[in-house]
> 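The structure is given below, and queries will be raised subsequently.
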Amino acid sequence: MKFLIDVNVGKSIETLLIEKGFDILPIRNINPRMSDSDILNLAVEQGRIVITQDKDFGELVYNSGMQHAGVLLLRMEGESRDNKIKIMHEIITKHLNLLENHFCVYKDKSLRVRE
């Protein structure tokens with residue numbers, strides 16, 4: 001599984017995914033100022049799931065109808081670095097099969113999945 005990591009996600013989650021053997025591409029390594037629509041287009045082109053903390057992706061997918069290969073929106077405001085790593089580990093351990101081609105939102109200790 002391949003991921004495109006938005007700049008607001010943080011290096012600790014990038015490191016976790018690399019350690020678990022995932023193919024990741026951090027936006028910070030391409031263009032930290034890349035627009036959200038360009039991020040979605042790149043993700044579709046490369047078959048990558050976007051991991052972000054930016055709620056604007058919901059607007060692009062649901063209101064603008066943009067295609068995606070999967071979006072994981074992490075709503076983890078106020079969580080410590082260690083808790084963020086723990087949450088991401090739980091998501092990839094228990095829910096990995098739900099991420100591809102779905103819009104998923106993690107919030108308040110649960111993962112909601114929409115097509």
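Source: prediction; values computed, not measured.
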> Flag yes if Val61 and Ile51 sit in one hydrophobic cluster, no otherwise; membership is Ile, Leu, Val, Met, Phe, Trp, Tyr, and two members link when side-chain heavy atoms are under 4.5 Å apart.
no
> Where is the tightest heavy-atom contact between Ile5 and Val9, given as atom of each residue plus distance?
CG2-CB, 3.7 Å
> Quick check for you: to the nearest 0.5 Å, what is the distance between Leu73 atom CG and Cys104 atom SG?
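One finds 10.0 Å between CG of Leu73 and SG of Cys104.
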> With a 6.0 Å cut-off on ring centres, are Phe57 and Phe103 close enough?
no
> Starting from Val71, can I reach Val7 by hopping between I/L/V/M/F/W/Y residues whose side chains sit under 4.5 Å apart?
yes
> Quick check for you: to the nearest 0.5 Å, what is the distance between Asn31 atom CG and Ile27 atom CD1?
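The distance works out to 8.0 Å.
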> Let me see the working for Val105 and Arg75 under side chain to side chain contact (heavy atoms under 4.5 Å, CB included), right down to the final yes or no.
CA-CA 7 Å; Val105 179; Arg75 302 289 309 275; 3.8 Å; yes
> Could you give me the CA-CA distance, side-chain angles and deciding distance for Leu99 and Ile91, then say whether side chain to side chain contact (heavy atoms under 4.5 Å, CB included) is met?
CA-CA 9 Å; Leu99 302 180; Ile91 290 169; 4.3 Å; yes
> For residues Leu96 and Ile85: do they belong to one hydrophobic cluster (side chain heavy atoms under 4.5 Å, members Ile, Leu, Val, Met, Phe, Trp, Tyr)?
yes
> Could you state whether Leu72 and Leu17 fall into the same hydrophobic cluster, counting links through intermediate Ile, Leu, Val, Met, Phe, Trp or Tyr residues with side-chain heavy atoms under 4.5 angstrom apart?
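Per the 4.5 Å side-chain linkage, Leu72 and Leu17 are co-clustered.
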> Report yes if the side chains of Lys2 and Ile24 come closer than 4.5 Å at any heavy-atom pair, otherwise no.
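SC-SC contact between Lys2 and Ile24 ruled out.
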> With sequence neighbours left out, write down each residue that passes salt bridge (charged side-chain N to carboxylate O under 4.0 Å, His left out) with Arg114, or none if nothing qualifies.
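Here no residue qualifies.
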> Before you tell me yes or no, could you show the steps for Ile13 and Met76 under side chain to side chain contact (heavy atoms under 4.5 Å, CB included), namely the whole-Å CA-CA distance, both residues' side-chain angles and the distance that decides it to 0.1 Å?
CA-CA 12 Å; Ile13 289 180; Met76 300 190 297; 3.9 Å; yes
> Counting only N and O atoms by type, is there a donor-acceptor contact under 3.5 Å from the side chain of His68 to the main-chain atoms of Gly70?
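Looks like yes, one N/O pair under 3.5 Å.
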> When you measure from the side chain of Gln53 to the backbone of Asn8, do you find a donor-acceptor pair of N or O atoms at a distance under 3.5 Å?
yes
> Examine distances only and state if a side-chain atom of His102 and a backbone atom of Glu100 form a donor-acceptor pair shorter than 3.5 Å.
yes
> Should Glu14 and Arg28 count as an ion pair when the cut-off is N to O under 4.0 Å?
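Judged by the 4.0 Å cut-off on N to carboxylate O distance, Glu14 and Arg28 do form a salt bridge.
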> Check the surroundings of atom CD in Glu79: do more than 12 heavy atoms from other residues, nucleotides or ligands lie under 6.0 Å from it?
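Correct, the count exceeds 12.
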> Strictly distance-based, threshold 3.5 Å: is any side-chain N or O of Thr52 a donor or acceptor partner for the main-chain N or O of Asp54?
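Yes, the answer is positive, given that a donor and an acceptor are paired below the 3.5 Å cut-off.
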> Just verifying a value: how many Å separate Leu111 CG and Leu74 CG, rounded to the nearest 0.5 Å?
9.0 Å
> Verify the cluster assignment for Val113 and Met88: are they in a single hydrophobic cluster under the rule of side-chain heavy atoms below 4.5 Å apart?
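As far as the 4.5 Å side-chain criterion goes, Met88 and Val113 are connected within one cluster.
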> Let me have the donor-acceptor pairs involving side chains of residues 35-50, under 3.5 Å, with sequence neighbours excluded, atom names and distances please.
| from | atom 1 | to | atom 2 | distance (Å) |
| --- | --- | --- | --- | --- |
| Ser35 | OG | Ser37 | OG | 3.3 |
| Ser35 | OG | Asp38 | N | 3.1 |
| Ser35 | OG | Asp38 | OD2 | 3.2 |
| Asn41 | ND2 | Ser37 | O | 3.2 |
| Gln46 | OE1 | Arg48 | NE | 2.7 |
| Arg48 | NH1 | Phe3 | O | 3.2 |
| Arg48 | NH1 | Asp23 | O | 3.3 |
| Arg48 | NH1 | Asp23 | OD1 | 3.0 |
| Arg48 | NH2 | Asp23 | OD1 | 3.0 |

